[in-house]
Amino acid sequence: MSRPRSSRTSALAALVFLTAGCTTTIIPPAQPVHPISVYLLDHGRTPSLVLPSADGGMTRYAYGDWNWYALRNTGPVAGGRALFLPTQGALGRQELSGPPVEASLPQGLGSDAWVNLHPITVGLSDVEQLRARLDREHSEGAKVALAESFNMEFVPHPRRYTWFRNSNHVVAAWLRELGCETEGLAFHSRWKVKPKATGSRD
């Protein structure tokens, strides 16, 4: 006999509560080839990732629930669906001007302003590969929704959004593509960066 829907919902709500204080630790590669900085922006509940672009600027990427982030349906019903049910995923992209350095990152990103910024040093070739893949996925999107409050252009993402694969999980996966290690469950946007242990010096 399957568990009643109310019991499943209560169990998931308890899991949300238990993971609320968990921090995800990012361990950058110790000696990346052609090191370059990327920037993890912590927006309080969700993150986004800023990569240097080929033209000398920066590009910001984010993942989330299509209804919530792209269409800005942020009521309790939409929020409950995004939390408890598989929904349409969305990939957001925003071009930022200025050289790809921390000082160029604007605090004012609409309602999605960051509360913490984490510079992370990775290898240039890994950045180029991830940026190319994300740009390709974005350009292949069937439709674009301009979320002015985020200043981002969203397209549908092929992977479904769930609480077990939310925006934090996806950004953690992007960081692993850049050669980083991650420790923690990544359910919530609580991050810290620590250097990779390289052993004792001779």
Side-chain angles (χ1 to χ4, degrees), residues 12-13 15-26 38-51 58-96 102 105-120 130-131 133-135 137-138 141 144-178 180 182-193:
L12 183 54
L15 185 58
V16 171
F17 176 78
L18 290 173
T19 60
C22 295
T23 297
T24 302
T25 300
I26 304 161
V38 302
Y39 303 96
L40 173 65
L41 304 183
D42 173 5
H43 304 287
R45 289 187 294 183
T46 63
S48 60
L49 185 64
V50 176
L51 304 179
M58 295 176 288
T59 309
R60 174 181 169 228
Y61 302 90
Y63 172 85
D65 169 72
W66 175 263
N67 196 39
W68 182 278
Y69 288 101
L71 302 184
R72 302 306 296 138
N73 295 323
T74 59
V77 174
R81 290 184 70 251
L83 183 61
F84 296 112
L85 298 174
T87 56
Q88 173 64 61
L91 175 64
R93 185 180 185 278
Q94 177 188 15
E95 294 184 0
L96 301 172
E102 183 175 341
L105 288 169
Q107 176 69 50
L109 294 171
S111 63
D112 208 27
W114 46 269
V115 295
N116 289 299
L117 182 152
H118 302 282
I120 304 166
L130 177 61
R131 187 182 64 220
R133 181 176 70 78
L134 294 178
D135 285 348
E137 290 180 356
H138 194 272
V144 174
L146 178 61
E148 294 183 358
S149 58
F150 291 151
N151 296 322
M152 302 192 83
E153 289 186 345
F154 284 92
V155 299
H157 193 274
R159 294 290 298 273
R160 303 281 278 176
Y161 177 94
T162 73
W163 189 66
F164 293 96
R165 189 182 181 276
N166 64 34
S167 57
N168 300 290
H169 296 119
V170 170
V171 169
W174 291 347
L175 290 169
R176 290 191 291 272
E177 288 188 54
L178 295 176
C180 298
T182 60
E183 298 176 348
L185 300 177
F187 279 106
H188 299 273
S189 195
R190 292 180 176 85
W191 308 86
K192 68 177 181 180
V193 180

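The model shown is predicted, which means the values in this text are computed figures rather than measured ones.
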Val50 vs Leu105 side-chain heavy atoms within contact, under 4.5 Å: yes
Pairwise side-chain contact, Val193 with Leu40, heavy-atom cut-off 4.5 Å (strictly under): no
Verdict with reasoning, Trp68 to Thr87, per side-chain contact (heavy atoms from CB on, under 4.5 Å): CA-CA 10 Å; Trp68 182 278; Thr87 56; over 6 Å; no
Distance (rounded to the nearest 0.5 Å) between Arg93 CZ and Arg131 CZ: 9.5 Å
Asn166-His169 side chain donor-acceptor pair, cut-off 3.5 Å: yes
Nearest-0.5 Å distance that lies between atom CH2 in Trp191 and atom CG in Leu175: 6.0 Å
Euclidean distance, Asn67 CG relative to Tyr161 OH, rounded to 0.5 Å: 12.0 Å
Heavy atoms from other residues, nucleotides or ligands near CZ of Arg133 exceed 12 (cutoff 6.0 Å): yes
Shortest non-hydrogen contact from Cys180 toward Ile120: SG-CG2, 3.8 Å
Side chain to side chain contact (heavy atoms under 4.5 Å, CB included), paired with Ser48, selected from Asp42, Leu41, Val171: Leu41
From CG (Leu49) to CG (Leu134), nearest 0.5 Å: 8.0 Å
Nearest heavy-atom neighbours spanning Gly64 and Tyr69: CA-CD1, 3.4 Å
Point-to-point distance, once rounded to the nearest 0.5 Å, from CD of Gln88 to NE2 of His157: 9.5 Å
Glu102 backbone acceptor or donor facing Tyr39 side chain under 3.5 Å: yes
4.5 Å side-chain heavy-atom contact, Phe154 and Leu71: no
Lys/Arg cation over aromatic Tyr63: Arg165, 6.0 Å, 45° cone: yes
Shortest non-hydrogen contact between Leu91 and His138, atoms and distance: O-CD2, 3.6 Å
Nearest non-hydrogen partners of Thr182 and Ala172, listed with the distance: CG2-O, 4.0 Å
Euclidean distance, His188 NE2 relative to Arg45 CZ, rounded to 0.5 Å: 11.5 Å
Heavy-atom pair with the smallest gap, counting every atom of Pro47 and Ser189: N-OG, 3.8 Å
Minimum heavy-atom distance between Gly89 and Trp66, given as atom pair plus value: O-CB, 4.1 Å
